[in-house]
Amino acid sequence: MIRLILSALFIFAGVNVIVTALIGNYRFSYVLNRMQVGATADTMGAILVLIGLVIRAGWSMISLKLFIMIIFFWVASPVSAHFLARTEAIANENILDECEVVSHGDI
């Protein structure tokens with residue numbers, strides 16, 4: 001019973017993060033802001049849901065596969081979001097009108 005309640009709390013928290021980010025994503029006008037919200041929701045929301053599923057499955061091969069998915073989301077989502085944001089920063093000709101871009105020489 002405790003495992004069911006704990007898994008339900010993690011799944012509810014993950015779905016809550018995803019829905020909140022979905023609603024908040026429409027409030028931003030610039031693509032990089034939207035991308036940051038989407039990447040955060042994708043990483044945090046999906047990981048919370050998968051942790052809830054691992055707790056619900058118990059210790060089995062299914063939980064091992066879900067744990068491997070957690071590691072994949074934890075690594076792949078921020079990398080892909082960074083790649084897309086960098087592509088937007090390079091490709092957008094009017095990016096200096098939208099936001100401040102820091103070059104490698106300034107770091």
Side-chain angles (χ1 to χ4, degrees):
M1 187 66 172
I2 293 173
R3 198 169 75 188
L4 176 66
I5 293 171
L6 194 60
S7 67
L9 287 175
F10 272 102
I11 292 170
F12 178 74
V15 170
N16 190 26
V17 166
I18 293 169
V19 168
T20 304
L22 178 75
I23 294 168
N25 209 359
Y26 288 107
R27 298 186 55 89
F28 292 115
S29 60
Y30 189 57
V31 68
L32 292 177
N33 295 337
R34 289 182 176 184
M35 196 174 304
Q36 190 272 332
V37 170
T40 303
D42 184 31
T43 304
M44 188 173 166
I47 287 176
L48 285 173
V49 169
L50 288 172
I51 288 173
L53 292 175
V54 166
I55 293 170
R56 181 71 181 122
W59 296 109
S60 65
M61 283 303 285
I62 295 173
S63 62
L64 178 65
K65 292 175 187 178
L66 290 169
F67 185 71
I68 291 170
M69 286 176 61
I70 289 171
I71 293 171
F72 177 75
F73 272 116
W74 188 42
V75 172
S77 181
V79 170
S80 64
H82 173 76
F83 174 73
L84 289 172
R86 188 157 175 94
T87 304
E88 171 66 22
I90 292 171
N92 191 352
E93 297 170 353
N94 300 324
I95 195 162
L96 294 176
D97 298 336
E98 300 287 337
C99 61
E100 178 182 352
V101 178
V102 179
S103 66
H104 289 292
D106 297 337
I107 297 176

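Since this is a predicted model, take the numbers as computed values, not measurements.
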Begin from the C-alpha positions of Phe10 and Ile55 and carry the test side-chain contact (heavy atoms from CB on, under 4.5 Å) through to its verdict.
CA-CA 9 Å; Phe10 272 102; Ile55 293 170; 3.6 Å; yes

Common cluster, [X]/[Y], ILVMFWY with side-chain heavy-atom separation under 4.5 Å:
X     : Y     : answer
Val15 : Ile23 : yes
Val19 : Val49 : yes
Leu50 : Leu6  : yes
Phe72 : Ile51 : no

Just jot down the side-chain hydrogen bond (donor to acceptor under 3.5 Å, both in side chains) partners of Ser77, sequence neighbours excluded, or say none.
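So Ser77 forms a side-chain hydrogen bond (donor to acceptor under 3.5 Å, both in side chains) with Asp42, Thr43.
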
Notebook entry, point to check: Of all residues at least two apart in sequence or in a different chain, which pass the side-chain contact (heavy atoms from CB on, under 4.5 Å) check with Val75?
Noted result: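 If we apply the side-chain contact (heavy atoms from CB on, under 4.5 Å) test to Val75, skipping adjacent residues, there are no hits.
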
Report task. Applying side-chain contact (heavy atoms from CB on, under 4.5 Å), name anything that partners Ile18, two or more places apart in sequence or on another chain. Result ->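 Expected list: none.
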
- [ ] With rounding to the nearest 0.5 Å, note down the distance linking CG in Leu53 to CE in Met69.
- [x]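 Going from the CG atom of Leu53 to the CE atom of Met69 covers 8.5 Å.
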
How far does CH2 of Trp59 sit from CZ of Phe67, to the nearest 0.5 angstrom?
->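 So the gap between those two atoms works out to 8.5 Å.
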
Heavy-atom side-chain contact between Ile11 and Leu48 under 4.5 Å |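 No, side chains not in contact.
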
query = Heavy atoms, side chains only, cut-off 4.5 Å: are Trp74 and Ile47 in contact?
reply =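 Side-chain contact under 4.5 Å: yes.
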
Heavy-atom closest pair, residues [X] and [Y]:
X     : Y     : result
Ile62 : Ala57 : CG2-CB, 4.1 Å
Arg3  : Arg56 : NH2-O, 3.7 Å
Met44 : Val17 : CE-CG2, 4.2 Å
Ser7  : Gly52 : CB-O, 3.1 Å

message: Within a 6.0 Å radius of atom CG on Leu4, are there more than 12 heavy atoms belonging to other residues, nucleotides or ligands?
response: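 Yes.
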
